[in-house]
Amino acid sequence: MRKIQMVDLKGQYEPIKEQVNRSIQEVIDTTAFINGPEVHSFQKELEEYLGVKHVIPCANGTDALQIAMMGLGLKPGDEVITADFTFAATVEVIALLQLTPVLVDVNPHGFNIDVDAIRRAITPKTKAIVPVHLFGQVADMNAIMEIAKEYNLYVIEDNAQAIGANYTQKDGTTVKTGAIGHVGSTSFFPSKNLGCYGDGGAIFTNDDDLAHTIRGIVNHGMYERYHHDVVGVNSRLDSIQAAVLRAKLPLLDSYNFKRREAARKYSQKLSHHDKITVPMICDVCDCHVFHQYTLRLKNSDRDALVKHLNANDIPCGVYYPIPLHKQKAYADSRYNEADFPVTNMLVEEVISLPMHTELDDEQIDYITKTILEFLD
Ligand SMILES: *Cc1c(COP(=O)(O)O)cnc(C)c1O
C-alpha cells in the first residue's frame, strides 16, 4: 500500500507533470512574471467555468476576503456576521478592517452557519453576512440570500473550501458557489480543491461597478497609472501560479468527482457504526465537494482515536479544535456561551480523515478498518 497522506500533491502532479513544467518554463522564458498573459487567460477561463462576469485574481484567499470587504465600502463599526466554526482568516480580516465581527453558531448536520442564528444577530449596524462553505459543503444560500434581501445586507461567500460546487437556487437554476452572493472569494493554497504551487486567490462578482472598484484596490488603489484614488493594497496572483492553475482548472470537476467517490466509500464503511456520524451527503443537490471528509464521534475519545490513527501511519486532522469566540484575539464579553451549543460540541467531536484526489480503495479500507477496530 502506498503511504497514506492527508493530501497527496505529488500524486496529483505526476499525470500533469509535462504540461505544468512546460507552462512554468514558458513563463520563465518570457519573463512575464507579474501580470503576464497567463494571469489574464486564467482569469477569463475561471470566469467561464464559474459562470461569473468578473474574476479578479489576487495573492491569497485571506486577501480576497479583505479586498471584497474593502470593495463593498464597509466602514469601521459596521457589523459583519459570520460562523463561529471556521478557519480564522474570515474573522481576522473583519477585525483588521475595524469592522465588528459577530460570530454565530452553526448547524450540526452541514457544519455551516445557522440561518436562525443569523436572524437573531441582526442589528441596525449589520452590513454583511459571510457564509463559509465549510469542508466543501454549501451553506444554506437560498435562505441567506433571502435574509440579505429582507435586511438589505451584502453577502460575501467564502468559497475557499468549495470551488467547483454546484448549488440549485430557489428558481431551479444551478449556479457555482462563489457566484451566488454579491461577491465571493477563494484560495488557491496548494491543498485546496483547486490549488497552485504557492499562494494564490481570487475574488468573484457579477457587479460591474464592484469589479472595477476591486481591480483598483488590488493594485494600490490605482485606476489610472500613478493616480491613487483610494487606499489599496498590493495583491497579485503571479504568472507562474496562473500557469499551474490553467493546467489544473480543466481537471477540477474530475478532482471533485474523485473526492466525492472517496467520501462515498468512506461513508459506506462507516455510516452503520452508532458512535459515528458521517458527513451529510445531499443526493439531489450535488453540492458537496469534500475539501475535508469530517466525521463526528459520539461517546468516544476523539483525541485517543487521533493518536491511534497516527500510530498506524494514518494522518488525520481536527478542524477546528477551538471555536473562534474562544480564541484570545476574538473573544468578546458580548458573547454568551449559551449561544454556541453546536460549535462547542463540534470542536470536541470532529475528526477529518485523509481526503484528496489520489486515495485508492486499499487505503480507504485500511483507514476505515483501523477506525472501526478502535471503536469496537
Ligand atoms: C484557506 C482558507 C482561507 C484563506 O486562504 P489563504 O489562501 O490561505 O489565505 C480563508 N477561508 C477559508 C474557509 C479557508 O479554508
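When a ligand or atom number is given, it counts from 1 through the structure's own listing order.
Considering both main-chain and side-chain atoms, D63 never comes within under 3.5 Å of ligand 1 through any nitrogen or oxygen pair. When only interatomic distances are considered, the shortest N/O to N/O separation between A160 and ligand 1 does not fall below 3.5 Å.
Ranking the protein heavy atoms by distance from atom 11 (N) of ligand 1 puts D158 OD2, 2.8 Å first. For atom 4 (C) of ligand 1, the closest non-hydrogen atom of the protein is T62 OG1, 3.5 Å. Looking only at protein heavy atoms, the nearest one to atom 15 (O) of ligand 1 is Q161 NE2, 2.8 Å.
Taking every heavy atom of V132 and a limit of under 4.0 angstrom, the matching atoms of ligand 1 come to 13 (C).
When heavy-atom distances to ligand 1 are checked against a 4.0 Å cut-off, N60 comes that close through both its backbone and its side chain.
The CZ atom of R302 sits 12.5 Å away from atom CZ of R296, with the distance rounded to the nearest 0.5 Å.
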Should L309 and I351 be marked as a side chain to side chain contact (heavy atoms under 4.5 Å, CB included) after you check the CA-CA gap, both sets of side-chain angles, and the distance that decides it?
CA-CA 11 Å; L309 291 175; I351 179 168; 3.9 Å; yes
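A centroid separation of less than 6.0 Å is found between the aromatic rings of F135 and F111. Ring to ring, H325 and Y330 are not that close: their centroids are 6.0 angstrom or more apart. Taking the ring centroids of F290 and F257, they lie at or beyond the 6.0 Å cut-off.
Using a 4.0 angstrom heavy-atom cutoff, K192 counts as in contact with ligand 1.
The backbone N or O of N112 sits less than 3.5 Å from a side-chain atom of N107, completing a donor-acceptor pair.
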